[in-house]
Structure formats: C-alpha cells, structure tokens
Amino acid sequence: MTALRHLLRKPWIGAYAGALAIWLATVAFTEGQGGGGVLTAALSFATFSVLVAIGQMYVITLGPGNVDLSIPATMTLAGAVSMKVMDGNNAMIVPGLAIALGCGAGVGVFNYGLIRLLRIPPIIATLSSSFLFLSAAISYSRGLRIKPPPLLADFTTWIVWGVPVLAVAGMVLTFVMSVILHRTIFGRTVTAIGQNARAARLAGLPVDRVRFATYVMCGMFAGLTGYLVSGFSGGAALNMGAEYLLASIAVVVIGGTSVAGGFANLPGLWGAAMLLFLLVTMLNTYGFGAGIRMVLTGVIIIAVIAVASGRRPSG
Amino acid sequence: MQSTDRTLVEFDGVAKSFGAVKALAGVSLSIGAGQCLGLVGHNGAGKSTLMNILAGTLSASAGRFLVSGEDVSERYGVTAANRLGIRCVFQELSLCPNRSVAENARIMHPSLKGICWRRRAATLIGGMLDTIFPGHDIDPSQLVGDLSIARRQMVEIARAFSATDTPVRLVILDEPTSSLDGVLAGQLLAFVRDFVAGGGAVILISHLLNEILTTADRVVVMRDGGVVADRPASGFTQITLVESMGSVAQEQARREQRSASLTAELKISAAPAMQGDATTLVARRGEVIGLAGLGGHGQTEMLVRIFQGQRKAQAGITVSGNTAMVAGDRQSDGLFPLWSICENATIGSLARLTRGWLIDPRAETRMGEEWKQKIGIRTPDMANPILSLSGGNQQKVLFARALGSDADIILMDDPMRGVDIGTKQEVYGMLRQEAAAGRTFIWYTTEMDELKHCDRVYVFRNGRIVDELSGDSISGERVLHSSFETAA
C-alpha cells in the first residue's frame with residue numbers, strides 16, 4: 001500500500017494515467033482493433049515531442065519568464081542545413097548530425113546573448129530570434145526539399161517488435177538527462193536558480209554560466225530533433241517545427257514540471273507526449289471534425305493540468 | 001501628558017502587531033496645534049509604524065486614535081487623513097516620475113479640476129516652492145523623472161504644505177533633509193518654524209539630532225515600540241538624547257579577550273563603493289569584524305561587494321580566500337523553498353560531495369546528519385521540506401550551509417533576525433570556536449548586544465565607513481553617536 005501511495009504522489013502519474021485512459025477509450029471504440037499499432041505510432045511521434053521538451057523543460061525550470069520560443073525555427077534551420085550538407089550521402093550522416101547540433105548551439109548562444117547582453121526578456125528574445133532563423137532557413141534552402149541519406153531515413157523509421165528504435169534511444173537519452181538534473185551540480189543549480197535566483201547567486205552558484213548552458217542545450221535538442229524529423233519525414237520542410245512550439249510547452253507542463261520553475265521531472269515528458277498524440281488519435285477515431293477536435297484538445301489539456309497542479313510535488 | 005484644548009491628534013494606547021512581531025506596544029502621545037514634535041529612535045523602534053497609522057496607510061490593532069478630540073480609529077484611511085488636513089512626506093518618495101511637477105500636485109488636490117487645471121496646479125506648487133525654498137529653479141512643467149533626488153524631495157515637501165479646499169493642519173516629515181544640502185535644509189527648517197508659529201503642527205523625524213534639537217519644541221524618544229521619553233527640546237542635549245535612545249544601563253558582558261594578532265594573514269581589504277576617501281575595511285585571519293550603523297546604510301552592499309569581489313575582480317576589493325554568505329533575509333536571499341532541509345544545507349558544498357560527475361547521495365546525507373547534530377536542527381528527518389522548519393531552524397540551516405562549506409571567510413547579513421535567544425547563544429559559541437580555528441567573520445548586525453562579540457567594528461552611515469571601533473571602545477553609545485552624526 002505504501003508503495004502504491006508513493007507512486008500516486010509522483011508528479012508524472014497524472015500524465016500516464018491520462019494517456020492510459022485515452023488509449024483504453026480508443027481501443028474500446030475500435031473493439032481492440034489496431035491498439036498496438038496506435039501505440040507504435042504514438043511512441044514514434046512522442047519521441048520528437050519529448051526531445052524538444054527536454055530542452056524546454058530545463059529552460060522553464062530556470063524560473064518565471066524563461067521559455068524558448070525559437071524551437072520551431074531552430075528545428076527548421078538545423079534540418080534544412082544538415083540535409084543540404086549531407087545531400088543524401090550516407091557517409092555524411094555523422095558530420096550532418098554535428099552540423100545540426102552546431103546550428104542549435106548557435107541559436108542558443110544568440111538567444112542568450114539577447115537575453116543577457118541586451119537584457120531582452122526571454123520570451124521576446126527567442127520569439128524575435130526565431131524570425132531571423134526561420135528567414136535564414138528559407139533563404140538557405142530556397143524551397144528545395146533534399147532527401148535524407150537512406151541510412152538515416154531507415155534508422156529513424158526502424159521498428160523492432162512494434163517498438164520504434166528511435167523511441168528506445170530517446171528513452172535512454174531521457175534517463176541520462178534525468179540523472180543530470182538530479183545528480184549533477186549543473187542540474188541542482190538549474191533548479192536552485194528557478195526557485196530563487198538571488199539566493200542561488202549568494203550561495204556561490206555560477207548562475208550566469210548555467211543559464212547560458214541551459215539555453216545552448218535547449219537549442220541543441222531542437223537542432224537534434226530537426227535533424228531526426230527531417231530523416232523521418234523524407235526531408236526538411238519549412239513548417240516542420242510549427243507544431244512543436246506549443247507541444248514542447250504543453251508536454252513539459254502536463255508532465256508535472258512546475259511552470260513557475262525550480263521543480264522538474266523527466267519521466268512525465270513521455271506520459272504527456274503520449275497523451276497528446278493519443279488524444280488526437282482518439283478524437284480522429286471517434287470521427288470528430290477539426291473544430292471539435294481542437295476544442296476538446298484544449299479542454300482536456302486544461303483538465304489534466306488542473307488535476308495535476310492540485311497535487312503537491314514530491315521527488 | 002499635556003492635553004490642552006488645542007490638541008490636534010491624540011494616540012491613546014495604540015498598538016500594532018505584524019503577526020507575532022509587536023511593532024507598537026501601546027503608545028500614548030498627543031500633539032497640539034502650533035507645535036513641532038521631534039521624533040527619534042533607532043530603526044525598528046516603531047516610529048514609521050506610528051506615522052503610517054497617522055497617515056492612514058496602516059490601521060492600528062488596538063487603542064484609540066483621536067483627531068481634534070473625535071475618535072476616528074474606526075473609519076480612518078488615507079482619504080480621511082487628507083480631509084482632516086494631515087499630510088505626510090515619507091522617506092520613499094511618492095511622486096509619479098512620468099508626470100510633471102504640476103500634475104503631481106493635482107494628485108493631492110482633487111479640487112483642481114475643469115479647464116486650465118494644469119495652470120492653477122502650477123501656480124499652487126510653484127508658489128509653495130517659492131515660499132519654502134526661495135530661489136529654487138524648479139519649473140512646474142518639468143517631468144518629475146528629470147529632477148534630481150533633492151529637487152524631488154523639495155517638490156514632495158512643497159506639495160505636502162500646499163492647501164486648496166482643506167487647510168493643512170499637520171505635516172509629518174520623515175527624514176526630510178536626508179537628500180537636501182545644508183542651505184536647503186536650513187530653508188526648510190526655517191519654514192517649519194514659520195508654519196508652526198502660524199498655528200500648524202509638524203512631526204519631524206530625523207537622524208540628525210541637532211536638527212531635532214534646534215527645530216522641535218518637544219522631543220519624543222521611541223524604543224522597542226514604546227515611548228521612553230517625552231520632554232521639551234530644551235530638556236535634552238545631544239548626549240542625553242542619544243543615551244535615551246540606546247540602552248545605557250545594560251550590563252557590559254565583555255567577551256573574553258582574544259589575542260587577535262595584528263600580524264595575522266590579511267584576508268580582506270575592501271572599500272565601500274561610495275567611500276570617497278582612503279578608509280578601507282580590513283579583516284585578518286581569525287578576526288570577527290562587525291558592521292554597525294543604522295539599517296540600510298550600506299552594510300549589506302558591502303558584504304555583497306566582498307562576496308562578488310572574491311569571484312570577479314572589483315575595484316577597491318581584495319579578498320584572499322573563499323567566501324560564503326549567511327543571508328539574513330531568508331525568504332529573498334537564502335532559502336530554496338522546494339528543497340529538503342538537507343539539500344538546502346549542502347548546496348554550498350556540492351563540489352566536495354561528488355564522485356566523478358555525480359553527487360554522491362550518501363555523502364550528502366552524511367553531511368546533512370553531521371550538521372543536524374552539530375548545530376541542533378530540530379527535525380525528525382533532514383529529508384523533510386525546508387519549509388517544515390521554524391524560522392530560527394531555517395536560519396540554522398543557512399549557517400550550516402556557510403559553515404559547512406570550505407569557505408574561510410563567512411559574511412553574515414544580520415543573520416539573527418527572528419532567532420530565539422537560545423539559538424543565538426549556540427551560534428555565538430560556534431562563531432568563537434570557528435574564529436579561533438582561523439576563520440574570518442564579517443558580521444553586519446543591527447543588534448548592539450552582538451557587537452560585543454566582535455574584535456573590531458566599522459560604523460556605516462550613508463554608504464560610507466564613518467568610524468572604526470576596537471576592543472573596549474566598542475559600545476552602543478559610541479555606535480549611535482557615529483550613526484547619527486552628532487558631531488555635525
């Protein structure tokens with residue numbers, strides 16, 4: 001019983017419970033048809049949401065006002081540049097990845113420069129920089145859609161026994177990021193800044209360096225995701241990041257991370273990302289039109305957050 | 001208490017508490033028309049609370065409050081105060097910087113309406129400025145934000161004395177000369193005398209005691225939320241005034257003399273940003289250095305400067321060694337409210353608690369338990385949330401954070417606020433031990449009694465070091481004399 005009660009106090013339990021309930025509702029409607037296929041698809045798409053959300057979660061945990069709105073532009077830029085550099089050549093997969101990560105890091109450095117040196121609030125800084133980077137991506141790619149190297153395309157769509165390999169890799173990365181959050185000085189510093197930046201400074205923590213690193217890291221996760229999405233969907237598209245802006249924030253919040261900063265958890269990201277995908281699938285299965293679907297999506301997200309935020313966070 | 005028929009305002013047993021803190025413990029005081037009352041006492045004595053009640057920005061928890069003999073304690077507020085002709089010039093200026101001088105005057109005078117109200121407001125405030133500060137060069141159409149701090153103060157004062165539909169009967173001046181130079185201050189005080197001679201009343205709060213003694217008819221001294229002296233100004237000298245503010249009769253429990261050698265290793269040499277002369281704060285290995293003076297006169301800034309100076313080179317600051325800070329304002333400077341007690345205690349020492357890249361949870365728990373014993377944190381489990389502790393125990397966690405770190409210089413920012421006497425004694429003992437073991441302490445405190453634990457004391461006023469005391473010359477009176485600039 002105590003183990004169960006302990007489990008119920010976890011901040012991420014709501015997201016998983018919601019995802020499970022929605023999946024059951026979908027499967028009940030189809031009388032068991034395609035239940036496994038839905039899960040496979042959900043895992044594939046959830047992986048991308050989770051990857052951008054990891055960076056976003058670290059940024060949001062830095063405290064009120066911290067958010068990265070340049071994620072879609074970063075994804076597009078990294079996807080477009082890396083696809084062009086690789087030019088469908090398998091031998092260029094690793095340099096392509098390095099370039100995608102480099103694009104992301106560059107965006108992060110630029111964002112933090114605006115925030116720190118020009119003292120622009122993060123929400124404005126990242127929004128305005130996203131216009132610059134999206135324009136850069138447009139002028140760079142000139143609307144050409146270059147196919148990814150075949151090996152990369154195969155890897156990103158590789159499924160073993162109904163489980164996407166990319167999702168497994170994503171889970172390993174999530175675990176690593178969870179250890180970094182809870183067990184390293186960097187992670188502790190991020191949560192300390194989010195609770196009380198002045199106290200963090202007076203406790204001797206390197207506040208500026210850690211904020212810088214966090215924004216750069218968020219950009220790198222967006223760059224990585226742009227690279228993988230391009231491989232998955234047959235090339236970089238200019239609007240490919242659009243849906244990930246709200247998704248990255250919604251996944252963080254539904255997953256049980258505090259919007260006010262200072263408290264985060266990684267397992268919740270997977271539950272929340274699955275929940276969002278399964279929700280859309282369920283509404284499609286039920287045959288709702290686009291309008292109703294969006295209304296219900298909004299209502300359900302509000303409901304999940306309302307239920308989740310009524311509980312006290314505990315490790 | 002003289003209660004003539006010209007009594008304007010009367011407090012009768014007025015008390016005010018903020019939670020458990022008793023700011024006013026039953027004050028009875030009256031002020032008559034045609035009188036200038038000087039109000040003195042050091043920070044936390046209750047002066048500001050009393051004046052806030054009079055101005056209508058705070059309401060009393062108990063007691064009666066009468067204006068012109070009428071009990072108004074039930075339905076009193078800023079508007080009522082204004083209607084009764086009670087005005088207030090607070091230390092924190094209350095003008096809107098994005099509005100002109102004339103527009104700011106209108107805020108206090110709702111009767112200035114209709115067309116051309118700006119011109120009438122300009123005439124009103126300009127005329128008052130001419131009366132109080134002849135020869136001033138303030139244009140009523142200037143934006144307040146463009147004025148210097150002294151000119152804003154002048155506008156604020158002129159506005160308080162200006163009258164439209166209700167006559168001004170009582171003006172509270174809280175540190176009115178703090179940003180005025182000698183000439184302007186003289187003009188203001190002369191005007192106050194004229195105003196009082198014309199039947200008005202003024203309450204003058206100032207840390208410059210000679211101003212009080214030359215301008216006020218009567219002087220009221222407050223201490224610990226109560227009135228301790230109420231006499232005609234002629235009955236005081238600067239010396240007796242300071243003595244009645246401080247606690248003269250208290251026992252002089254001197255700390256045991258330690259051989260704080262003058263040849264010990266120099267740890268800190270630091271000048272306040274606003275010092276302007278060659279005076280520097282110097283601290284050697286094993287010394288306990290006190291920072292004294294009235295609150296907010298640059299002591300916390302000094303600590304933060306030393307703290308930052310250790311990390312990043314700053315002009316005028318030399319620090320050799322690591323520094324750690326014990327915050328006094330726990331909520332804003334110290335605690336991480338979502339963390340456990342243990343996490344709050346170990347955050348300053350994580351570099352020592354890692355194996356490879358990872359924090360070792362067992363080492364962390366061990367350090368938490370060690371300090372739980374050492375400093376007596378009263379909790380069944382260090383994994384409990386920090387907010388489950390009482391204020392005093394939270395403060396102990398902050399001490400543990402600093403003392404448990406590898407810092408050899410500990411900066412303390414008035415860390416005993418809200419700490420009970422038992423804990424204080426434990427901490428004093430620990431400080432002496434740690435100092436004897438070679439640690440250096442810089443200790444800002446507002447409590448006179450704590451200065452006797454210090455080897456040397458620097459007194460701060462207006463962001464500058466104005467006095468240095470050591471050994472037997474450390475006394476509450478000497479600190480007060482220096483803080484109040486009695487020599488001026």
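Heavy-atom basis, side chains included; hydrogens, waters and symmetry copies ignored. As the structure is a prediction and not an experimental result, all values here were calculated from the model. A, B, ... follow the sequence lines: proteins, then strands. Residue 1 opens every chain.
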Checked Ile185(A), Thr184(A), Leu202(A), Leu205(A) vs chain B; the most non-hydrogen pairs under 4.5 Å come from Leu202(A)
Using heavy-atom distances under 4.5 Å, tell me whether Glu364(B) contacts chain A through its side chain, its backbone, both, or neither. side chain
Validation row: Asp408(B), Thr440(B) side chains within 4.5 angstrom (heavy atoms): no
Just verifying a value: how many Å separate Thr47(A) OG1 and Trp270(A) CH2, rounded to the nearest 0.5 Å? 3.5 Å
Region of Ile180(A) in contact with chain B, defined by heavy-atom distances below 4.5 Å: neither
At a 4.5 Å cut-off on heavy atoms, which part of Thr189(A) comes close to chain B: side chain, backbone, both, or neither? neither
Options Gly348(B), Ala351(B), Pro361(B), Ala324(B), ranked by heavy-atom pairs under 4.5 Å with chain A, top entry: Pro361(B)
Arg311(B) to Phe307(B) six-membered ring, cation-pi geometry met (6.0 Å, 45°): yes
For the residue pair Asn111(A) and Thr126(A), confirm or rule out a side-chain donor-acceptor distance under 3.5 Å. no
Measure distances from Ala197(A) to the heavy atoms of chain B and classify the residue's part below 4.5 Å as side chain, backbone, both or neither. neither
Looking just at side-chain N and O atoms, do Glu450(B) and Tyr428(B) make a donor-acceptor pair shorter than 3.5 Å? yes
Contacting region of Leu335(B) [heavy-atom separation from chain A under 4.5 Å]: backbone
Side chains of Asn322(B) and Ser405(B): donor-acceptor distance under 3.5 Å anywhere? no
